[in-house]
Amino acid sequence: MKPFVYDQPAARVIFGVGTLDRLADEVKHLGAKRALVLSTPEQQKDAESASQRLGAMSAGVYAKAVMHVPIETARAAREEAKRLDADCYVAIGGGSTVGLGKAIALESGLPIVAVPTTYAGSEMTPIYGITEAGVKKTGKDRRVLPRTVIYDVNLTLTLPAKIAGPSGMNAMAHMVEGLYAQDGNPVMSLMAQEGIRALARSLPIIVKDPANLDARSDALYGAWLGGTVLGNVGMAIHHKLCHTLGGTFNLPHAEVHTVILPYATAYNREAAPEAMKLAADALGCKDAAQGIYDLSVKIGAHVALKDIGMPLDGLDKAADLATTNPYWNPRPIERKAIRELLENAYWGKRPE
Ligand code: NAD
């Protein structure tokens with residue numbers, strides 16, 4: 001067996017249907033007395049309902065989270081937290097809201113209770129991102145890792161199929177890359193295989209029958225595993241490409257992950273044969289890259305960069321940026337091959 005380091009940053013995880021009922025107990029468990037509830041404007045109702053459950057332990061609601069955590073939003077939220085004398089944050093929403101909680105915690109060190117409502121996985125990672133003057137800076141700090149994560153399947157029922165599908169593929173991307181990570185370990189590989197299986201079986205059901213609680217449970221379970229893998233092992237070319245495309249061309253986060261994943265997987269096919277076999281088995285197909293592409297088609301997600309806002313004349317710039325300061329990857333990063341990968345992803349051609 002390959003030697004490994006296993007260093008799990010522990011978060012307390014509460015998973016189930018209706019688990020939001022435990023919010024007040026979980027805030028108490030942290031020794032906190034005044035929690036500021038964070039959300040996006042679209043999820044203000046969820047935040048208000050969480051605030052009501054907290055009763056006297058709620059310091060208020062701050063419903064101004066937006067994508068990519070602009071520094072101005074983070075500063076305003078930090079001020080609001082100070083003004084309200086908050087000693088804890090409850091972040092209810094997707095990666096954008098959890099990201100805002102992390103930006104506040106980075107400065108204040110106060111604990112976060114995350115209540116994820118998408119499959120992005122940020123709640124399980126010590127990774128933060130803050131955007132200043134149009135540039136997103138990311139970093140790693142254990143202070144930003146939520147202390148408690150409440151997964152309540154009920155909260156995901158409102159996630160529309162067109163967001164749920166790509167969001168699930170975002171979680172899958174963490175696990176596919178986790179299988180060939182340079183610093184991978186057997187426990188993360190088990191989690192990755194289990195999570196890929198859970199998402200592959202549940203996402204096609206969710207898009208047809210969005211109220212199916214079993215499928216929603218499976219998908220959220222897969223998302224938890226995906227977030228855990230992302231938080232524990234290093235990511236490679238797929239995540240580098242997505243960060244480059246998302247940041248430079250302002251493409252939507254989950255959709256860009258969905259489009260790129262089959263091509264990044266095909267890029268590494270020969271260099272990581274064991275990981276490919278594990279991924280294909282978990283997907284229930286012969287070839288992981290083709291299986292991922294076929295799953296995206298099945299769930300009605302976009303499979304081409306041209307359909308999610310990528311300009312054709314941006315492909316050269318994207319190839320340049322993605323091959324500058326590359327992340328470790330099983331196959332060496334070659335500009336010509338990456339440019340080809342982007343061309344195929346632009347047109348949405350099924351990997352051969
Ligand atoms: P998001 O948080 O931006 O949510 C998208 C939209 O869906 C928002 O309007 C939100 O309010 C709404 N929404 C969320 N859950 C809903 C629900 N259950 N019902 C109805 N509407 C709902 O999207 P995301 O994909 O979760 O997060 C993307 C962001 O997270 C990106 O900025 C990305 O960089 C970041 N991210 C960070 C990490 C990390 O480890 N730091 C990991 C993954 C993603």
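Note that these values count all heavy atoms, side chains included, but never hydrogens, waters or copies made by symmetry. The first residue in the sequence is number 1, and the count goes up from there. We count ligands from 1, going down the list as the structure has it; atoms in each ligand are counted the same way.
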(Q) Tell me whether Asp152 contacts the main-chain N or O of Leu20 through its side chain, where contact means a donor paired with an acceptor under 3.5 Å. (A) yes
Q.
What I want to know is whether Thr97 and ligand 1 share at least one N or O pair that is separated by under 3.5 angstrom.
A. no
Q: Report the member of Ala171, Ser122, Pro116 with the shortest heavy-atom distance to atom 36 (N) of ligand 1.
A: Ser122
Q: Please write down residue, atom name and distance for the protein heavy atom closest to atom 13 (N) of ligand 1.
A: Gln43 OE1, 3.4 Å
Q. Do any nitrogen or oxygen atoms of Glu42 lie less than 3.5 angstrom from nitrogen or oxygen atoms of ligand 1?
A. yes
Q | Closest protein heavy atom (residue, atom, distance) for atom 6 (C) of ligand 1 | A | Ile163 CD1, 4.7 Å
Q: Give yes or no for whether the N/O distance cutoff of 3.5 Å, strictly under, is met between Thr158 and ligand 1.
A: yes
Q: Below 4.0 angstrom from a heavy atom of Leu230, which ligand 1 atoms are there? Numbered from 1 as shown, please.
A: 40 (O), 42 (C)
Q: For the residue pair Ser122 and Lys102, confirm or rule out a side-chain donor-acceptor distance under 3.5 Å.
A: yes
Q: Examine Tyr62 and Leu84 and state if one hydrophobic cluster contains both, with Ile, Leu, Val, Met, Phe, Trp and Tyr joined whenever side-chain heavy atoms are less than 4.5 Å apart.
A: yes
Q) Can you name the closest pair of heavy atoms from Gly93 and Gln43 and give their distance? A) CA-OE1, 3.5 Å
Q. Which of the listed options, Gly227, Ala63, Ser96, holds the heavy atom that is closest to atom 2 (O) of ligand 1?
A. Ser96
Q.
Closer than 4.0 Å and a protein heavy atom, does any atom meet both conditions relative to atom 10 (C) of ligand 1?
A. yes
**Q.** Test item: side-chain donor near acceptor, Tyr119 and Asn170, under 3.5 Å
**A.** no
